[in-house]
Amino acid sequence: MARRNLLKLGEPLLRKKSKPVTNFDGRLGELLDDMAETMKAYEGMGLAAVQVGVLKRAYIVEADKKIYEIINPEIIKTNGELIDVEGCLSVEGYRGIVARPEKVTLKFFDRHGEPMTLDAEGYAARAFLHEYDHLDGVLFLDKMIRKATDEDVKE
Ligand code: CO
């Protein structure tokens, strides 16, 4: 495993649409392992492949002390709305207040190409949807109601 270079805001690749994963091979596994190491090093709770310069529809999210690996996801259903603070490892210096669905159901593949589904709610749902947006070149800045203040972050 190796930590990979993290792309920051202003890097054009972050605005590109990622392409579906077609080979569920050792290289994909290596990418996912490296992403996990990179996410931990930067103390993030999610990371998309594009953030380490790989335009593939793959991301990871840490929730319930487990790392979920999400490949070629599809959003099946969303429900409700929550407004909360979120940040991004590729956006330094501030976080934003963003409205997201409270619940999400995702269909995706694991690293071996097995089809999976997952239900998430609350902050985990936010993380799964934030990372999903990265696959389409969308950043939280595009959806942000306003920048978060120190007060918001404390809550
Ligand atoms: Co992000």
- prompt: Does the side chain of Arg15 come within less than 4.5 Å of Asp142's, by heavy atoms?
  reply: yes
- request: Mark yes when over 12 heavy atoms from residues, nucleotides or ligands other than Arg27 sit less than 6.0 Å from its CZ; otherwise mark no.
  value: no
field: Heavy-atom side-chain contact between Leu139 and Leu9 under 4.5 Å
entry: yes
message: So for atom CD, which belongs to Glu43, do other residues, nucleotides or ligands contribute more than 12 heavy atoms lying within a distance under 6.0 Å?
response: no
task: May I ask you to decide if the ring planes of Phe128 and Tyr68 are parallel, tilted or perpendicular, using 30° and 60° as cut-offs?
output: perpendicular
- request: Kindly determine whether Ile83 and Val98 satisfy side-chain contact (heavy atoms from CB on, under 4.5 Å), including the steps that lead there.
  value: CA-CA 6 Å; Ile83 293 173; Val98 184; over 6 Å; no
message: Please determine whether a side-chain nitrogen of the Lys or Arg among Lys143 and Asp133 lies less than 4.0 Å from a carboxylate oxygen of the Asp or Glu.
response: yes
- prompt: Counting heavy atoms not belonging to Lys8, are there more than 12 under 6.0 Å from its NZ?
  reply: yes
Single-linkage hydrophobic cluster, 4.5 Å side-chain cutoff, Phe108 and Ile60 together: no
message: Assess the residue pair His130 and Glu86 against the criterion (side-chain contact (heavy atoms from CB on, under 4.5 Å)); give the C-alpha distance rounded to whole Å, side-chain angles, the decisive distance to 0.1 Å, and a yes or no.
response: CA-CA 9 Å; His130 172 114; Glu86 70 184 65; 2.7 Å; yes
statement: Heavy atoms of Glu102 and Ala125 approach each other most closely as O-CB, 3.5 Å
- prompt: Under the 3.5 angstrom rule, does the side chain of Thr105 hit a backbone N or O of Asp119 as a donor-acceptor pair?
  reply: no
Residues Tyr42, Arg3; criterion side-chain contact (heavy atoms from CB on, under 4.5 Å); working and verdict: CA-CA 10 Å; Tyr42 289 95; Arg3 190 191 300 184; 4.2 Å; yes
query: When Val21 is tested against each of Val54, Leu31, Leu28 for side chain to side chain contact (heavy atoms under 4.5 Å, CB included), which residue passes?
result: Leu28
message: With clusters defined by side-chain heavy atoms of hydrophobic residues (ILVMFWY) lying less than 4.5 Å apart, directly or transitively, does Ile67 cluster with Leu89?
response: yes
task: State, with a plain yes or no, whether a side-chain heavy atom of Ile76 is found less than 4.5 Å away from one of Thr117.
output: no
- prompt: Within a reach of under 6.0 Å around CZ of Arg95, are more than 12 heavy atoms found that belong to other residues, nucleotides or ligands?
  reply: no
task: Answer yes or no: is there an ion pair linking Asp33 with Arg111, defined by an N-O contact shorter than 4.0 Å?
output: yes
- prompt: Just by distance, do the side chain of Asn72 and the backbone of Pro20 share a donor-acceptor pair under 3.5 Å?
  reply: no
query: Could Lys16 and Asp136 be called an ion pair, given the rule that one side-chain N must be under 4.0 Å from one carboxylate O?
result: no
